[in-house]
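Below you'll find the structure, written out as structure tokens, and then a few comments.
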There are 2 protein chains.
Amino acid sequence: MLSKDLKVVFKKCGIKNTVQRQAVYNFLLKESAPISAEYIYMELTKTESESMNLSTVYRILDLFTRKGLVLKSNLQADGKSTYEMNHMEHRHHLVCVKCNSIVPIKGCPLSDYEKRLSESTHYKILEHHLEILGICPKCQE
Amino acid sequence: MLSKDLKVVFKKCGIKNTVQRQAVYNFLLKESAPISAEYIYMELTKTESESMNLSTVYRILDLFTRKGLVLKSNLQADGKSTYEMNHMEHRHHLVCVKCNSIVPIKGCPLSDYEKRLSESTHYKILEHHLEILGICPKCQE
DNA sequence: ACGCAAATGCAACTGATTTGCATTTGCGTT
DNA sequence: AACGCAAATGCAAATCAGTTGCATTTGCGT
């Protein structure tokens, strides 16, 4: 994505356009899998073309999450939070535990379920995170 | 549960029977919701009848988790891990984003879905992680 | 180009969890 | 029933992810 477009995206959210925010945004755009703040920081500082600080990454991710640009998840077994682009389209992924490939799943198996769950528990259901693990056809051979 | 029975449970797992392990085990048995190590420690030390150290609680929970007696989860928004008895039954939880309380959900909405998914994608489905976020009745007021 | 609020960098802090090490305890053996 | 030793515990210090205070820098409306 061109930085010109990003400027518009940020403006729409009422936040300033900075090199660091562009870097994080563009990095998340390239990644299809949810990733940690640490990982983003590491990758962005590899190429020392831009200044980037770990706490800045955290602050940016937090901001993006609050603005709805990014989705945060605490599901990881190692305790680290992960972040991914919010494509505004509710989507889940099928992850291969052998090759770590990720494919999106068509449709959400929980759309009806949430309605029923809400009725039975009286919770106001906001969202859910689902990740399905398996072995892809290739890796089964 | 009587300590006599616990001795047998521990022996079956090949671990020593200690007062601390009994205390943690019995405490988890009483709790239906997943709870934090900190909480277990606080409650157990309230009644100063037994010696108990926070790192011991962590070590015991880790041991129990490795032995399959206990299920560990990192899905808390506040970053704390939670633990619950492993009743050997696949279970998901509903988390309140306001007060971080957790309640188990009866049944898994994905059991049938996984079978269909496996057929359509030719993946061998191994497991899934699901986290449902909402606002509990109390926090909606 | 100016000025100021917002963003960043840095270092210090926090809170959860882990670890090293000295002491204690459980438990199989004598 | 006491012995010995590996395993478990207590304690304090360390670690790790994430946050925060503050001085400096930067974006952007004027």
Side-chain angles (χ1 to χ4, degrees), chain A residues 3-4 6-25 27 34-45 48-67 69-70 72-83, chain B residues 3-4 6-25 27 34-45 48-67 69-70 72-83 100 102:
Chain A
S3 46
K4 220 195 302 183
L6 265 190
K7 224 168 171 172
V8 175
V9 172
F10 291 156
K11 186 144 217 175
K12 213 177 276 179
C13 293
I15 63 177
K16 277 191 186 172
N17 171 43
T18 70
V19 268
Q20 290 84 353
R21 286 175 184 174
Q22 292 208 7
V24 171
Y25 195 96
F27 191 79
I35 49 180
S36 70
E38 185 77 31
Y39 179 70
I40 295 171
Y41 171 71
M42 297 285 260
E43 291 300 310
L44 289 181
T45 46
E48 313 214 7
S49 56
E50 297 132 358
S51 123
M52 182 59 77
N53 185 277
L54 183 55
S55 54
T56 301
V57 174
Y58 276 113
R59 278 193 274 234
I60 289 174
L61 288 172
D62 184 53
L63 178 71
F64 285 179
T65 303
R66 279 185 284 113
K67 293 298 177 182
L69 295 173
V70 157
K72 178 179 180 177
S73 161
N74 302 85
L75 273 183
Q76 293 312 94
D78 62 3
K80 288 189 193 180
S81 293
T82 56
Y83 305 83
Chain B
S3 48
K4 218 196 304 183
L6 266 191
K7 224 168 170 171
V8 175
V9 172
F10 291 155
K11 186 144 217 174
K12 213 177 276 180
C13 294
I15 63 178
K16 277 190 185 173
N17 172 42
T18 69
V19 268
Q20 290 86 351
R21 286 175 183 174
Q22 292 208 7
V24 171
Y25 194 97
F27 192 79
I35 48 180
S36 70
E38 184 78 33
Y39 179 71
I40 296 170
Y41 171 70
M42 296 285 262
E43 290 301 309
L44 288 181
T45 47
E48 313 215 7
S49 56
E50 295 133 358
S51 124
M52 182 59 76
N53 184 278
L54 182 57
S55 54
T56 301
V57 174
Y58 276 110
R59 278 192 274 234
I60 289 173
L61 289 171
D62 183 55
L63 178 71
F64 284 180
T65 303
R66 278 184 285 113
K67 293 297 178 184
L69 296 173
V70 157
K72 177 179 181 178
S73 157
N74 299 84
L75 51 77
Q76 282 312 82
D78 64 3
K80 288 190 193 179
S81 292
T82 56
Y83 304 83
N100 287 316
I102 310 175

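Fair warning: this is a prediction, and the values are worked out from it, not measured in the lab. To find a chain, count down the sequence lines: A is the first, B the second, and so on, and within it residues start at 1.
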Partners meeting side chain to side chain donor-acceptor pair (under 3.5 Å) with Ser55(A) (sequence neighbours left out): Asn53(A)

Grab the N/O contacts between the protein and nucleotides 22-27 of chain D below 3.5 Å, and write none if there aren't any.
from	atom 1	to	atom 2	distance (Å)
dG27(D)	O3'	Asn17(A)	O	3.3

Name the closest nucleotide to the [X] side chain, picking from [options].
X	options	answer
Ile60(B)	dG29(D), dT9(D), dT19(D)	dT9(D)
Lys72(B)	dT18(C), dC28(D), dT19(D)	dT18(C)
Glu38(B)	dC28(D), dA16(C), dT8(C)	dA16(C)

Apply ring pair (Phe, Tyr, Trp, His ring centres under 6.0 Å) to Phe64(A) and list each qualifying residue two or more places apart in sequence or on a separate chain. Phe10(A), Tyr25(A)

Measure the distance from [atom1] on [X] to [atom2] on [N] and round it to the nearest whole Å.
X	N	atom1	atom2	value
Leu54(B)	dA14(D)	CG	C1'	15 Å
Ile35(B)	dA16(C)	CD1	P	15 Å
Lys67(A)	dA6(C)	NZ	P	12 Å
Phe10(B)	dA8(D)	CZ	P	11 Å
Phe64(A)	dA7(C)	CZ	C1'	12 Å
Leu63(B)	dT18(C)	CG	P	13 Å
Asp62(A)	dA7(C)	CG	C1'	14 Å

Counting only side-chain N and O atoms of Lys11(B), is one of them less than 4.0 Å from OP1 or OP2 of dG28(C)? yes

Using OP1 and OP2 only, check whether a side-chain N or O of Asn53(A) sits under 4.0 Å from dT8(C). no

To the nearest 0.5 Å, how far apart are [atom1] in [X] and [atom2] in [Y]?
X	Y	atom1	atom2	value
Thr56(B)	Leu61(B)	OG1	CG	10.5 Å
Ile60(B)	Leu69(B)	CD1	CG	11.5 Å
Lys67(A)	Lys12(A)	NZ	NZ	14.0 Å

Is there a side-chain contact between Val24(B) and Met52(B), using heavy atoms and a 4.5 Å cut-off? yes

Let me spell it out: for each of Ser55(B) and Ile15(A), pick the nucleotide of DNA chain C with the closest heavy atom. Which residue's pick is nearer the 5' end? Ile15(A)

Using the 3.5 Å cut-off, write out each protein N or O paired with an N or O of nucleotides 12-14 of chain C and the distance between them.
none

Between Gln22(B) and Leu6(B), what is the shortest heavy-atom contact and its length? CA-CD1, 3.8 Å

Assert: residue with more 5' nearest nucleotide on DNA chain D, out of Gln20(B) and Tyr58(A), is Gln20(B)

For DNA chain D, what are the stems built from at least three Watson-Crick or G-U pairs in a row, each pair having both distances below 3.5 Å? C:1-30 with D:1-30

Apply side chain to side chain contact (heavy atoms under 4.5 Å, CB included) to Asp62(A) and list each qualifying residue two or more places apart in sequence or on a separate chain. Arg66(A)

Applying side chain to side chain contact (heavy atoms under 4.5 Å, CB included), can you list everything that pairs with Lys11(A), at least two apart in sequence or on another chain? none

Side-chain donor-acceptor pairs of residues 35-43 of chain B under 3.5 Å, sequence neighbours excluded:
from	atom 1	to	atom 2	distance (Å)
Ser36(B)	OG	Tyr39(B)	N	3.1
Glu43(B)	OE2	Lys46(B)	NZ	3.0

